[in-house]
There are 2 protein chains.
Amino acid sequence: MRILGGKWKASILWHLQAGPTRFNALSRELGGASKKMIAERLKEMEETGLVTRQVVATKPVAVTYELTPFGHSALGILESLHDWCVDHDV
Amino acid sequence: MRILGGKWKASILWHLQAGPTRFNALSRELGGASKKMIAERLKEMEETGLVTRQVVATKPVAVTYELTPFGHSALGILESLHDWCVDHDV
DNA sequence: CTGGATCCCGTAAGATACTG
DNA sequence: CAGTATCTTACGGGATCCAG
């Protein structure tokens with residue numbers, strides 16, 4: 001729960017499964033989440049090894065986030081959770 | 001996450017799998033949790049249908065909590081989560 | 001424009017005392 | 001025994017502001 005819990009980590013993982021994504025792209029796709037939330041959650045997820053952070057020194061700077069293999073495996077878990085919710089009407 | 005999240009619900013489910021358990025028994029087994037936490041979490045879990053509450057009109061009163069089938073199925077999910085953590089060293 | 005830091009608030013969590 | 005009442009603290013969450 002400490003790794004996957006909270007309000008946004010699951011959504012972030014979901015949106016990252018398509019491939020490396022920029023900070024603001026995430027911010028746009030996760031409509032209801034403030035940039036602070038995304039930044040905090042990404043930092044935690046980087047520390048737990050779910051995602052990697054890449055800084056591209058263009059101008060203006062670009063920062064992309066990408067799933068690690070561990071992050072991909074987490075998506076499998078989330079899918080189990082999802083199926084469980086659906087099976088029990090939740 | 002809303003159903004299983006928080007700090008104590010998983011532990012409560014785990015301790016209830018042995019069968020109907022009394023409030024104070026839970027309180028003793030979940031060392032670090034105050035009675036307030038347990039009471040609040042149990043109330044939520046009753047509302048989401050994970051557990052049932054049974055009042056036995058002895059003197060003094062006894063109250064036991066028991067897993068519903070839905071609660072049992074949640075244990076399966078938690079086990080998946082646990083296995084996932086173990087497999088990835090967490 | 002980009003990514004992120006700061007401020008403020010509400011709720012969860014924790015400790016303790018009290019009640020039927 | 002099984003909670004409730006009350007208070008304090010910690011953290012998640014949201015809006016806003018800052019730097020490159």
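The basis for the numbers below is simple: all heavy atoms, side chains too, and nothing from hydrogens, waters or symmetry mates.
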Same apolar cluster (I L V M F W Y, side chains within < 4.5 Å links), B/V51/B/V55: yes
Upstream residue (5' side of DNA chain D) when B/V63 and A/E40 are each assigned their closest nucleotide: B/V63
Rounded distance (Å) that lies between atom P of D/dG12 and atom CD of A/E44: 6 Å
Phosphate contact (D/dA2 OP1 or OP2) by B/R22 side-chain N/O below 4.0 Å: yes
Rounded interatomic separation in angstrom, taking CZ from B/R2 and P from C/dA12: 12 Å
Euclidean distance, B/L16 CG relative to B/E29 CD, rounded to 0.5 Å: 9.0 Å
Separation of C/dA13 P from B/L30 CG (nearest whole Å): 13 Å
N/O (side chain, A/W8) to phosphate O (OP1/OP2, D/dG12) under 4.0 Å: no
End-to-end axis angle, where each axis spans five pairs of the helix from C/dC1-D/dG20 to C/dG20-D/dC1, to 10°: 20°
Touch class at under 4.0 angstrom, heavy-atom based, for B/A62 against every strand present: sugar-phosphate
Side-chain N or O of B/R41 closer than 4.0 Å to phosphate OP1/OP2 of C/dA13: yes
Inter-residue atom distance B/T48.OG1 - B/I3.CD1, 0.5 Å rounding: 6.0 Å
Interatomic spacing from NE2 in A/H15 to CH2 in A/W8 - rounded to 0.5 Å: 9.0 Å
Whole-Å distance separating the CG atom of A/L26 from the P atom of C/dG4: 11 Å
Where A/S27 and A/K35 come nearest, the two heavy atoms and their spacing: OG-CG, 3.5 Å
Given DNA chain C, 5'-ward residue of the pair A/K43 and A/P60, judged by closest heavy atom: A/P60
B/M37 CE to C/dT16 P, straight-line distance once rounded to whole Å: 15 Å
Pairs of donor and acceptor atoms involving the side chains of residues 57-81 of chain B, under 3.5 Å and at least two apart or interchain, shall be tabulated with distances.
| unit_1 | atom_1 | unit_2 | atom_2 | d |
| --- | --- | --- | --- | --- |
| B/T58 | OG1 | B/P60 | O | 2.9 |
| B/T68 | OG1 | B/G49 | O | 2.7 |
| B/T68 | OG1 | B/L50 | O | 3.1 |
| B/T68 | OG1 | B/F70 | N | 3.3 |
| B/T68 | OG1 | B/G71 | N | 3.0 |
| B/S73 | OG | A/W84 | NE1 | 2.9 |
| B/S73 | OG | A/H88 | NE2 | 3.3 |
| B/S73 | OG | B/F70 | O | 2.6 |
| B/S80 | OG | B/G76 | O | 3.2 |

Side-chain donor/acceptor of B/K36 to base of C/dG14, under 3.5 Å: yes
Atom pairs and distances, donor-acceptor, side-chain atoms in residues 36-46 of chain A, under 3.5 Å, two or more places apart:
| unit_1 | atom_1 | unit_2 | atom_2 | d |
| --- | --- | --- | --- | --- |
| A/R41 | NH1 | A/E44 | OE1 | 3.2 |
| A/R41 | NH1 | A/E44 | OE2 | 2.5 |
| A/E44 | OE1 | A/K9 | NZ | 2.8 |

Between P of C/dA12 and CD1 of B/I38, the distance in whole Å: 17 Å
N or O in side chain of A/Y65 less than 4.0 angstrom from C/dG3 OP1/OP2: no
SG on A/C85 to CG on B/L4, rounded to 0.5 Å: 7.5 Å
Gap between atoms NZ and P, on A/K35 and D/dG12 respectively (whole Å): 21 Å
Side-chain-base donor-acceptor pair under 3.5 Å for A/K7 and D/dG13: no
Sugar-phosphate, base or nothing in reach of A/K59, heavy atoms under 4.0 Å: nothing
B/M1 CE - C/dA12 P separation (whole Å): 15 Å
